[in-house]
Number of protein chains: 2
Amino acid sequence: MVTGQRGRPRSFDRDAALDKAMLAFWEHGYEATSISDLTASLGIGAPSLYAAFGDKRRLFDEVVAVYGGRYTDFARAALSEEPTAGAGLRRVLREAAGIYTDPAHPPGCLVISAAVNTTSQDVAQALRERREVSLEMFERRIRADVAAGVLPAATDAQALARFALAVLVGMSQQSRDGASREELEAVAELAMGAWPR
Amino acid sequence: MVTGQRGRPRSFDRDAALDKAMLAFWEHGYEATSISDLTASLGIGAPSLYAAFGDKRRLFDEVVAVYGGRYTDFARAALSEEPTAGAGLRRVLREAAGIYTDPAHPPGCLVISAAVNTTSQDVAQALRERREVSLEMFERRIRADVAAGVLPAATDAQALARFALAVLVGMSQQSRDGASREELEAVAELAMGAWPR
DNA sequence: CAGATTCCGTAGCGCCCGCTATAGAATCTC
DNA sequence: GAGATTCTATAGCGGGCGCTACGGAATCTG
């Protein structure tokens, strides 16, 4: 018994379907993306979708996990690879300008925009917690620089982290309103002008 | 004939109802606020709502107009009353921190958040245009300072305006994620650190 | 091949959406 | 008062929502 797959095999690529679902949720948000939108763009029937992914909520959770690994972990890398918090956040903002406006996928950030104004509070809370994680990651990196004497001792690490996240959120929305990569890069550069010297 | 009202008089205060509708749309957004949500919180039946306001879309348009007069025109005043664009935008950001976190109404800005992820593209476009108006207002004020020699000739007025709006958007979302007035004021103050000297 | 297993397509469930037809209640003019 | 007018309350329309029962199709094991 070699645990060969029994029964009729799935007729679609689960990972490819997950990617398509990600693009749909990214563009229209959690609630405004209906099951029939999904079945249409994934090219499968509703029962296949439910068999493969559970329900809409669990599909979205999987989408968020894939999205996180592909489009938000770059920030963690930038913060750990650059020599200072300032250099790291400059890189985060610059790379975000590129990602938010990449024509290969919908504009902006799914974690920021996909659960605004949703009636399902648990989904909104899940993405809120992801943003909170980013905030704390920024804050920790800044605090490390303060401890190391790279930033002034009087630096308000939490406020600075919050400022960086606010700029990211603003950039995400502006990309969804049609701003170009160059325009967002200019915003990022200006934002770094606020960095403590 | 003194144009006295004929027929049965309306049993509710139209302006008060509009205010309640504003709070509902502000908190939950355009699409996530259902007609039955509205009839429940306004305390009237659906036919009365339709007779008084037309349909959901027109009610929302009225709400946006009222909201604009009450919560966004302060920015116009700040920009015209303060002596420089920098002082004006500092005041805009500080006042926004107060408005976005005022416990008398839902957090954040209705124009920024009420039509994210909606299937009704025309509503999204209407609010997008309102944001664009703010952007251009900021840009004009900055340009005036550049022309007057208050700001360096090399100042990128559009980018600076876009940066200010991005910070406002970020502040709005953070207030909806639970940030306090003091936290947003700190963000505003940091943002002004990026202002050209 | 038979039988077990798993997936797919149709068709439809109950529910809520925005909206309204209809009839009665409340106020006007005359 | 009578009649016209306007609003309110009930009740329900067509349609889309998330989700699933069911039977047939496709692949396994033996």
Side-chain angles (χ1 to χ4, degrees), chain A residues 1-18 20-21 24-25 27-63 114-115 117-124 126, chain B residues 1-18 20-21 24-25 27-63 114-115 117-124 126:
Chain A
M1 167 151 169
V2 206
T3 53
Q5 298 289 2
R6 317 223 307 191
R8 177 175 175 173
R10 180 179 289 133
S11 67
F12 61 95
D13 182 333
R14 192 179 186 281
D15 290 338
L18 203 49
K20 291 178 190 164
F25 281 128
E27 179 155 14
H28 302 111
Y30 176 71
E31 213 154 51
T33 303
S34 71
I35 294 293
S36 68
D37 289 339
L38 290 167
T39 57
S41 74
L42 308 203
I44 63 178
S48 299
L49 187 154
Y50 280 86
F53 300 106
D55 59 12
K56 187 183 179 181
R57 173 62 203 277
R58 270 179 286 181
L59 169 57
F60 184 72
D61 286 344
E62 276 203 59
V63 159
N117 290 329
T118 183
T119 52
S120 34
Q121 283 303 315
D122 51 343
V123 173
Chain B
M1 173 161 165
V2 207
T3 54
Q5 299 288 2
R6 316 226 306 193
R8 177 173 176 175
R10 180 179 287 134
S11 66
F12 61 94
D13 182 332
R14 192 179 187 280
D15 290 338
L18 203 49
K20 291 177 190 163
F25 280 128
E27 179 156 13
H28 303 112
Y30 176 72
E31 213 153 53
T33 304
S34 71
I35 294 293
S36 69
D37 289 339
L38 290 168
T39 57
S41 74
L42 307 204
I44 63 177
S48 298
L49 188 153
Y50 279 87
F53 299 106
D55 59 12
K56 187 183 180 182
R57 174 61 205 276
R58 271 180 285 180
L59 169 57
F60 184 72
D61 287 344
E62 276 203 59
V63 159
N117 289 331
T118 182
T119 52
S120 34
Q121 283 303 315
D122 50 345
V123 174

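Keep in mind it's a predicted model, so treat the numbers as computed, not measured. Quick note on labels: first sequence line is chain A, next is B, and so on, each numbered from 1.
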5' priority, DNA chain C, between B:Asp37 and A:Gly45 [closest heavy atom]: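 It is A:Gly45, whose closest nucleotide lies nearer the 5' terminus.
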
Contact nearer the 5' end of DNA chain C, comparing B:Ser34 with B:Gly7: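 Closer to the 5' end of DNA chain C: B:Ser34.
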
Sugar-phosphate only, base, or nothing, as touched by [X] at under 4.0 Å among non-hydrogen atoms:
| X | result |
| --- | --- |
| A:Thr33 | sugar-phosphate |
| B:Pro47 | base |
| B:Thr39 | nothing |
| A:Ala46 | base |

A:Phe60/A:Val123 under side chain to side chain contact (heavy atoms under 4.5 Å, CB included): CA gap, chis, key distance, verdict: CA-CA 9 Å; A:Phe60 184 72; A:Val123 173; 3.5 Å; yes

With respect to the side chain of [X], which nucleotide from [options] is positioned closest?
| X | options | answer |
| --- | --- | --- |
| A:Arg10 | D:dT8, C:dC8, D:dT29 | C:dC8 |
| A:Asp55 | D:dC17, C:dC19, D:dC19 | D:dC19 |
| A:Pro9 | D:dA26, D:dG18, D:dA4 | D:dA26 |

Looking only at side-chain N and O atoms, does [X] come under 4.0 Å of OP1 or OP2 in [N]?
| X | N | result |
| --- | --- | --- |
| B:Ser11 | D:dC7 | no |
| B:Tyr50 | C:dC19 | yes |
| A:Ser48 | C:dC8 | yes |

Flag side-chain contact, heavy atom, 4.5 Å: A:Leu18 against A:Glu62: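 SC-SC contact between A:Leu18 and A:Glu62 confirmed.
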
What is the separation between atom [atom1] on [X] and atom [atom2] on [N], rounded to the nearest whole Å?
| X | N | atom1 | atom2 | result |
| --- | --- | --- | --- | --- |
| B:Ile35 | D:dG14 | CD1 | P | 19 Å |
| B:Phe12 | D:dA9 | CZ | P | 10 Å |
| B:Leu49 | D:dA9 | CG | C1' | 14 Å |
| A:Arg14 | C:dT6 | CZ | P | 16 Å |

Main-chain N/O of B:Arg58 paired with B:Asp61 side-chain donor or acceptor, under 3.5 Å: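 Answer holds: no.
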
B:Arg8 (side chain) and C:dA25 (base): donor-acceptor pair under 3.5 Å: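 Checked by distance alone, the answer is yes.
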
cation_pi(A:Lys56, A:Tyr30) dist<6.0 Å, angle<=45: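 Positive - A:Lys56 is close enough to the ring of A:Tyr30 and near enough to its axis.
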
